[in-house]
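All residue numbers in this chain count up from 1 along the given sequence.
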Amino acid sequence: MPHGCYGDASAFILPPLPTMPPAPDVTQVLLPFGALVGREVDLDAFLQTLMDRIAATMQADRGTLWLLDPARRELFSRAAHLPEVSQIRVKLGQGVAGTVAQQGQPINVPDPRGEQRFFADIDRMTGYRTTSLLAVPLRDVDGALYGVLQVLNRRGADRFTHEDTERLDAIASQVSSALQSTSLYQELQRAKDQPQAPVGYFFNRIIGESPQLQSIYRLVRKAAPTDATVLLRGESGSGKELFARAVHVNGPRRDKPFIKVDCAALPATLIENELFGHEKGAFTGADHRMPGKFEAADNGTVFIDEIGELPLPVQGKLLRVLQDREFERVGGTQAIKVDVRIVAATHRDLARMVAEGRFREDLYYRIKVVEVVLPPLRERGAEDIERLARHFVATAARRHRLVTPRLSPAALERLKRYRWPGNVRELENCIESAVVLCEGEILEEHLPLPDLDRVPGGTPAEPARALAPTASETGLRSLAEVERLHILRVLDAVKGNRTAAAKVLEIGRNTLARKLKEYGLADEA
């Protein structure tokens with residue numbers, strides 16, 4: 001389960017779990033916990049093994065290691081038995097774990113029903129039912145709280161006992177001593193000193209455990225610590241910007257700026273000025289010098305979204321930045337040196353654009369040093385769709401200050417059957433609409449989805465033929481015709497709302513208007 005990766009991590013050899021006597025000495029629960037052996041192992045694997053061991057020792061069904069993000073005053077799950085989601089965050093004072101972090105005292109909840117400190121949204125989001133809960137603080141050698149250790153659902157008993165609280169508290173002390181020798185603890189200390197820098201966000205907001213995403217997690221883990229240029233390819237709404245930020249915050253430039261330039265949202269005449277800035281007098285109205293995004297991102301990362309929309313003349317200037325780390329402002333003659341990492345993204349087939357003369361071949365090979373191809377949501381499987389849907393239900397309810405509704409089985413099946421041409425972004429917008437419109441339970445009729453995956457009579461059609469035409473269907477259709485059909489379908493899905501359609505298509509509203517005019521769809525839309 002990808003909860004993050006902080007580079008090299010010294011870890012511990014965990015001895016086999018001993019057979020526990022009925023009433024063990026709490027100070028010996030995990031002893032010998034294992035000595036620091038100077039061996040480099042995967043930190044995620046170590047932490048997960050640790051939580052498995054703690055859950056077994058406490059005779060609990062699940063366990064969670066929460067760590068403190070001081071900048072956002074939040075706890076985030078760093079290692080947990082959470083097959084439903086990749087990470088959960090709670091505010092200080094929110095839920096049992098958040099209250100423990102705020103007050104610094106253990107909390108034993110024998111029955112969460114009617115317990116005000118219990119945060120039921122997590123159960124709703126995961127589909128898991130908590131029947132008992134025990135949480136204790138994690139403190140460093142100076143007594144400062146930096147996390148919470150939590151176990152759920154005592155096996156073979158109705159509740160955790162006072163002795164269980166003492167035992168978990170003793171375990172927490174040993175775990176804390178161990179964690180303070182790892183790079184993870186150093187990362188937390190850095191976050192205290194630099195509160196503007198993110199912590200625990202390696203795959204934050206990127207929900208999914210499908211094999212396709214697992215392979216991408218591995219790629220990002222390898223690429224992030226380097227300065228290599230990364231090219232993210234995938235359909236609109238598949239999460240390219242989230243992965244671009246993951247590359248940045250887990251790399252050596254994490255404390256420096258992350259600057260985004262969306263080439264699809266800018267007129268072609270302004271993209272050069274946006275990237276490189278201009279000198280005073282460069283054009284009418286240029287009454288002062290204006291730095292561009294590359295200067296603003298010096299020592300940081302520039303994320304060039306929809307790089308396929310970059311005009312050919314600007315492509316040449318970008319190539320110079322990649323090769324020589326220098327450029328000239330619009331209207332300028334002085335070369336400006338810059339130290340930036342470039343992450344680019346596109347939904348277009350750049351290789352085909354190179355063949356058609358619409359994208360520079362030398363630039364293409366410069367930007368695809370590390371190429372990451374994101375799968376469309378429909379290829380990630382039903383389990384990822386369910387994880388995302390439950391996550392978005394809880395998020396939307398919180399955003400609109402509503403009681404988190406239940407997701408009915410029929411609605412869930414409809415979500416799984418739909419083909420999601422707008423990918424994760426379309427799913428998020430769909431769920432938010434349903435949360436706002438439903439009354440306690442999201443039913444199938446609350447989902448703003450077209451009936452394009454149905455045939456007359458209400459019978460579901462073959463999933464693969466739901467929205468996207470196959471090669472046999474398209475025949476000799478041009479790429480422009482396929483794009484035209486896709487735009488029509490997205491407009492139909494959002495009931496003609498051009499702003500919403502532009503968001504689903506991950507293009508600017510002006511770009512959508514231009515395409516509608518180009519394809520003769522202005523009146524139809």
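In this structure the side chain of Leu65 reaches within 4.5 angstrom of the side chain of Leu138, judged on heavy atoms. A 4.5 Å side-chain heavy-atom check between Arg159 and Arg154 finds every atom pair outside the cut-off. Looking only at side-chain heavy atoms (C-beta outward), Ile54 and Leu168 come within less than 4.5 Å of each other. The closest side-chain heavy-atom distance from Val100 to Val136 is not below 4.5 Å. Contact annotation: the side chain of His446 approaches that of Cys438 to within less than 4.5 Å [non-hydrogen atoms, C-beta and beyond]. Within the 4.5 Å cutoff, the side chain of Glu74 has no heavy atoms near those of the Val90 side chain. No side-chain heavy atom of Leu231 sits less than 4.5 Å from a side-chain heavy atom of Val372.
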- prompt: Passes salt bridge (Lys or Arg N to Asp or Glu O under 4.0 Å), Asp69 versus Arg89? Steps please.
  reply: CA-CA 9 Å; Asp69 182 342; Arg89 284 184 169 247; 3.1 Å; yes
task: Output, in order, the C-alpha distance, side-chain angles, deciding distance and verdict of salt bridge (Lys or Arg N to Asp or Glu O under 4.0 Å) for Arg253 and Asp227.
output: CA-CA 9 Å; Arg253 302 173 184 268; Asp227 270 338; 3.0 Å; yes
message: Please evaluate residues Asp61 and His81 with respect to the criterion side chain to side chain donor-acceptor pair (under 3.5 Å), reporting the C-alpha separation (whole Å), side-chain torsions for both, the decisive distance (0.1 Å), and the verdict.
response: CA-CA 9 Å; Asp61 184 51; His81 300 110; over 6 Å; no
task: Under the side chain to side chain contact (heavy atoms under 4.5 Å, CB included) rule, what do Thr301 and Ile342 come out as? Steps first, then yes or no, please.
output: CA-CA 6 Å; Thr301 301; Ile342 293 177; over 6 Å; no
From CA spacing to verdict: side chain to side chain contact (heavy atoms under 4.5 Å, CB included), Gln94, Thr99: CA-CA 6 Å; Gln94 183 181 48; Thr99 304; over 6 Å; no
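To the nearest 0.5 Å, atom CG of residue Leu219 and atom CG of residue Leu213 are 11.0 Å apart. A distance of 4.0 Å separates CZ of Phe392 from CD of Glu428, quoted to the nearest 0.5 Å. Annotation: the span from Arg425 atom CZ to Trp420 atom CH2 amounts to 13.5 Å, rounded to 0.5 Å. How far CG of Leu447 is from SG of Cys430: 4.5 Å, rounded to the nearest 0.5 Å. Between atom CG of residue Leu152 and atom CD of residue Gln150 there is a gap of 5.0 Å, rounded to the nearest 0.5 Å. Summarising the geometry, atom CG belonging to Leu443 is positioned 13.5 Å from atom CZ belonging to Arg414; distances are rounded to the nearest 0.5 Å.
Of the charged side-chain nitrogens involved, at least one lies within less than 4.0 Å of a carboxylate oxygen, so that Glu444 and Arg417 count as a salt-bridged pair. Salt-bridge formation is not detected for the pair Lys240/Asp305: no Lys NZ or Arg NE/NH1/NH2 atom is positioned less than 4.0 Å from an Asp or Glu carboxylate oxygen.
When all heavy atoms are compared, the tightest approach of Ala501 to Leu512 is CB-CD2, 3.9 Å. Glu426 and Gly422 get closest at one heavy-atom pair: OE1-N, 2.7 Å. Heavy atoms only, all atoms of each residue included: Ile307 and Thr346 are closest at CG2-CB, 4.1 Å. Nearest approach of Thr57 to Arg167, heavy atoms of both residues: O-NH1, 3.7 Å. Shortest non-hydrogen contact noted between Ala297 and Val302 is CB-CG2, 3.5 Å.
Taking the centre and axis of the six-membered ring of Tyr146, the NZ or CZ atom of Arg139 falls outside the cone set by 45° and 6.0 Å.
Considering only residues two or more places apart in sequence or on other chains, Thr165 meets the side chain to side chain contact (heavy atoms under 4.5 Å, CB included) condition with Pro106, Asn108, Leu134.
Using cut-offs of 30° and 60° for the angle between ring planes, the Phe258 and Phe303 rings count as parallel.
Remark: the His400 side chain and the Glu432 side chain contain an N/O donor-acceptor pair separated by less than 3.5 Å.
No option in Asn423, Leu374, Val424, Ile385 other than Val424 meets the side-chain contact (heavy atoms from CB on, under 4.5 Å) test with Arg380.
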